[in-house]
Undergrad: 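The following block contains the structure, expressed as structure tokens.
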Amino acid sequence: MNIYAVVILSALLIEFILSRTADMLNIRHIKRELPEEFQGYYDQKRYQTSQEYTKEKSRFGQIIETMDLLILLVFWFSGGFNWLDSMLRQLNLSDILTGILFVAILGAAKFIIDLPFSIYSTFVIEEKYGFNKTTWKTFILDILKGMLLSLILGVPLLTGILAIFQYLGTFAWIVGWALVTVFTLVVQYIAPRWIMPIFNKFEPLEKHELYHKIKSFFDSVDYSISGVFVMDGSRRSRKSNAFFTGFGKNKRIVFFDTLVEQHNDEEILSILAHEVGHYKKKHILKSTIISILPHGFCLLSFVHFFIASGII
């Protein structure tokens with residue numbers, strides 16, 4: 001086993017151990033009893049159900065990630081990556097096209113392996129706790145749209161990365177990191193207007209009374225945003241949620257329609273204040289910078305680059 005394989009294997013195992021340890025600690029601290037501070041404000045039975053749901057989802061996630069790691073290691077140490085690479089090279093295609101097929105086959109295999117887990121999570125666990133509203137039609141359409149989006153965005157990016165590794169030599173990883181960084185930022189910028197509407201409908205909240213309260217709150221904390229939208233989250237789930245997306249001129253806040261329907265204005269504003277706090281404390285900026293720093297790129301993207309390029 002060469003040094004690259006040792007580094008990658010160590011990174012995979014350390015990340016897995018740390019993540020599973022964090023999950024176990026979180027599960028251990030889940031309590032069925034409603035905290036004393038919330039007595040009289042929150043229903044005891046609903047709280048217990050939420051804790052049971054969190055515990056079941058966490059444990060199910062552990063099973064999925066453990067299976068993924070075991071399958072990866074078995075495929076790796078049984079020579080699967082080298083075998084696939086050899087099979088594809090017999091087609092006498094260009095190195096870049098061979099690399100694209102290599103990644104595409106691995107991606108398709110992972111999709112097939114993960115599909116039963118996704119179905120179980122959506123139609124068994126979510127249904128069990130009364131959250132699921134996803135129909136089979138929506139589920140299948142989401143998959144098809146995701147595949148199409150992967151082709152439109154992923155293939156050009158992968159082509160660029162493979163070309164960089166083929167032609168730029170020693171410092172290819174630096175240029176590759178820069179390409180991935182720019183690509184990620186561009187996608188984040190265009191996502192609110194061009195990508196997210198592929199999966200959901202977004203309606204501006206300007207005509208709603210709640211919008212004026214939100215605008216007043218933003219003015220009071222000196223915070224600007226391009227728009228406030230309501231998303232048809234109820235198409236897939238009864239859960240309530242709100243999130244910020246985009247940056248610059250495309251920065252906006254999105255409420256699930258379930259949130260607007262199930263909570264009063266004061267509750268929604270309190271949720272909004274929590275999210276704005278992340279921006280005021282620069283949590284979003286810090287996490288973005290950390291995710292694109294070279295060390296983050298080396299630990300995460302290098303795993304895929306080295307495997308895809310047949311170094312192992």
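Sequential numbering from 1 along the given sequence is applied to the chain's residues.
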Undergrad: Taking atom CD1 of I198 and atom CD1 of I152, what is their separation to the nearest 0.5 Å?
TA: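 Going from the CD1 atom of I198 to the CD1 atom of I152 covers 7.0 Å.
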Undergrad: Any donor and acceptor pair, going by atom type alone, linking the side chain of N26 with main-chain N or O of A22 inside 3.5 Å?
TA: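 Pair found, side chain donor or acceptor close to backbone of A22.
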Undergrad: Would you say the side-chain atoms of R238 pair up with the backbone N or O of G130, donor to acceptor, closer than 3.5 Å?
TA: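 Side chain of R238 to backbone of G130: a pair is present.
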Undergrad: CD1/I30 to CG/L25 distance, rounded to the nearest 0.5 angstrom?
TA: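 CG of L25 is found 11.5 Å from CD1 of I30.
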Undergrad: Taking NZ, NE, NH1 and NH2 as the nitrogens, is one of them in K145 or D142 under 4.0 Å from a carboxylate oxygen of the other?
TA: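 No, no charged N to carboxylate O under 4.0 Å.
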Undergrad: Taking side chain as C-beta onward, heavy atoms only, is V254 less than 4.5 Å from N200?
TA: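 SC-SC contact between V254 and N200 ruled out.
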Undergrad: side-chain hydrogen bond (donor to acceptor under 3.5 Å, both in side chains) between S270 and E266: does it pass, once the steps are laid out?
TA: CA-CA 6 Å; S270 67; E266 285 68 29; over 6 Å; no
Undergrad: Classify the ring geometry of F123 against W136: parallel below 30°, tilted from 30° to 60°, perpendicular beyond 60°.
TA: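 F123 and W136: parallel rings.
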Undergrad: How long is the straight-line distance from CG of L88 back to CD of Q90, given to the nearest 0.5 Å?
TA: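 Answer for the CD-CG pair, Q90 versus L88, is 9.0 Å.
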Undergrad: Roughly how far, to the nearest 0.5 Å, is CG of L144 from CD1 of I140?
TA: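 If we round to the nearest 0.5 Å, I140:CD1 and L144:CG are 7.5 Å apart.
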Undergrad: So, do L9 and W76 sit near enough that their side-chain heavy atoms are less than 4.5 Å apart?
TA: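 Contact flag for L9/W76 side chains = yes.
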Undergrad: Counting only pairs under 3.5 Å, give me each side-chain donor-acceptor contact of residues 93-102, with atom names and distances, residues two or more places apart or in other chains.
TA:
{"from": "S94", "atom 1": "OG", "to": "L97", "atom 2": "N", "distance (Å)": "3.2"}
{"from": "D95", "atom 1": "OD1", "to": "R89", "atom 2": "NH1", "distance (Å)": "3.4"}
{"from": "T98", "atom 1": "OG1", "to": "S94", "atom 2": "O", "distance (Å)": "2.8"}

Undergrad: Could you give me the CA-CA distance, side-chain angles and deciding distance for E267 and Q262, then say whether side-chain contact (heavy atoms from CB on, under 4.5 Å) is met?
TA: CA-CA 10 Å; E267 291 171 335; Q262 298 173 10; over 6 Å; no
Undergrad: Would K201 and D232 pass as an ion pair if we require N to O under 4.0 Å?
TA: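 The answer is no: the pair does not qualify as a salt bridge.
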Undergrad: Should the ring pair F131 and Y129 be called parallel, tilted or perpendicular, given that the plane angle runs from 0 to 90° and is split at 30 and 60?
TA: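 Judged by the thresholds at 30° and 60°, the geometry between F131 and Y129 is parallel.
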Undergrad: With a 4.0 Å cut-off on N to O distance, would you call K239 and E126 a salt bridge?
TA: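 Looking at E126 together with K239, the answer is yes, because their closest N to O distance falls below 4.0 Å.
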Undergrad: Would R32 and Q48 satisfy side-chain hydrogen bond (donor to acceptor under 3.5 Å, both in side chains), going step by step from the backbone distance to the final call?
TA: CA-CA 5 Å; R32 288 176 53 86; Q48 290 178 351; 3.3 Å; yes
Undergrad: Does any N or O in the side chain of D257 come within less than 3.5 Å of the main-chain N or O of S234, such that one atom is a donor and the other an acceptor?
TA: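 Present.
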Undergrad: Can you see which heavy atom on Y211 is nearest to which on L205, and at what distance?
TA: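 For Y211 and L205, the tightest heavy-atom pair comes out as CB-O, 3.1 Å.
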Undergrad: Regarding E15 and S19, is there a side-chain donor-to-acceptor distance under 3.5 Å anywhere?
TA: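 S19 and E15 do have a side-chain donor-acceptor pair below 3.5 Å.
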Undergrad: Measure the shortest side-chain to side-chain distance between L106 and L84 over non-hydrogen atoms and say whether it is less than 4.5 angstrom.
TA: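 Touching, per the 4.5 Å side-chain cut-off.
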Undergrad: With a 3.5 Å distance limit and no angle check, can you tell me whether Q39 reaches the backbone of L34 through a side-chain donor-acceptor pair?
TA: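 At least one qualifying donor-acceptor pair exists.
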Undergrad: Indicate the ring-plane relationship of Y42 and Y47, choosing parallel, tilted or perpendicular according to the 30° and 60° boundaries.
TA: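 The rings of Y42 and Y47 stand perpendicular, inter-plane angle above 60°.
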Undergrad: Would you say the side chain of T245 lies within less than 4.5 Å of the side chain of R252, judging by non-hydrogen atoms?
TA: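 With C-beta onward as the side chain, the pair touches.
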Undergrad: Decide yes or no for K133 and R236: does some side-chain heavy atom of the first lie under 4.5 Å from some side-chain heavy atom of the second?
TA: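 Counting from C-beta outward, K133 and R236 never come under 4.5 Å.
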Undergrad: What do the steps show when you test I64 against D68 for side-chain contact (heavy atoms from CB on, under 4.5 Å), and what is the final call?
TA: CA-CA 6 Å; I64 295 174; D68 282 346; 3.9 Å; yes
Undergrad: Under 3.5 Å, is there a donor-acceptor pair between the side chain of S78 and the main chain of F75?
TA: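 Looks like yes, one N/O pair under 3.5 Å.
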Undergrad: Taking all non-hydrogen atoms of both residues into account, name the closest pair between E33 and Q44 and its distance.
TA: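 Residues E33 and Q44, closest heavy atoms: CA-NE2, 3.9 Å.
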Undergrad: Under 4.5 Å between any side-chain heavy atoms of N132 and I125, yes or no?
TA: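 In short, these two side chains do not touch, never coming nearer than 4.5 Å.
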Undergrad: Test side-chain contact (heavy atoms from CB on, under 4.5 Å) on T258 and N241 and set out the steps.
TA: CA-CA 8 Å; T258 49; N241 199 8; over 6 Å; no
Undergrad: Before you tell me yes or no, could you show the steps for F229 and F255 under ring pair (Phe, Tyr, Trp, His ring centres under 6.0 Å), namely the whole-Å CA-CA distance, both residues' side-chain angles and the distance that decides it to 0.1 Å?
TA: CA-CA 6 Å; F229 294 80; F255 294 117; over 10 Å; no
Undergrad: How far apart are the closest heavy atoms of S10 and V6, and which atoms are they?
TA: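 Reported closest heavy-atom pair: OG-O, 2.7 Å.
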Undergrad: Does the side chain of F217 reach to within under 4.5 Å of the side chain of V276, using non-hydrogen atoms?
TA: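 With C-beta onward as the side chain, the pair touches.
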Undergrad: For residues 112-122, dump all side-chain donor-acceptor pairs below 3.5 Å to protein atoms at least two apart in sequence or in another chain.
TA:
{"from": "D114", "atom 1": "OD2", "to": "K110", "atom 2": "NZ", "distance (Å)": "2.5"}
{"from": "S121", "atom 1": "OG", "to": "K57", "atom 2": "NZ", "distance (Å)": "2.9"}
{"from": "T122", "atom 1": "OG1", "to": "S118", "atom 2": "O", "distance (Å)": "3.0"}

Undergrad: Roughly how far, to the nearest 0.5 Å, is the CD1 atom of I268 from the CG atom of L210?
TA: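 Reported to 0.5 Å precision, the distance equals 5.0 Å.
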Undergrad: Identify the two heavy atoms, one from I27 and one from R59, that lie closest to each other, and give their separation to 0.1 Å.
TA: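 Taking I27 first and R59 second, the nearest heavy atoms are CD1-CG, 3.7 Å.
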Undergrad: For the atom pair CD1 (I253) and CG (L272), what is the distance rounded to the nearest 0.5 Å?
TA: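 Those atoms lie 4.0 Å apart.
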Undergrad: Decide side-chain hydrogen bond (donor to acceptor under 3.5 Å, both in side chains) for T135 and T138; before the verdict, give the C-alpha distance in whole Å, the side-chain angles of both, and the deciding distance to 0.1 Å.
TA: CA-CA 5 Å; T135 63; T138 299; 3.1 Å; yes
Undergrad: Side chains of L141 and F199, heavy atoms from C-beta outward: is any pair under 4.5 Å?
TA: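 Side-chain contact under 4.5 Å: no.
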Undergrad: Test side-chain contact (heavy atoms from CB on, under 4.5 Å) on D43 and F38; report intermediate values, then the result.
TA: CA-CA 9 Å; D43 181 71; F38 293 98; over 6 Å; no
Undergrad: Minimum heavy-atom separation for A242 to L259, with atom names?
TA: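 Taking every non-hydrogen atom into account, CB-CD2, 3.8 Å.
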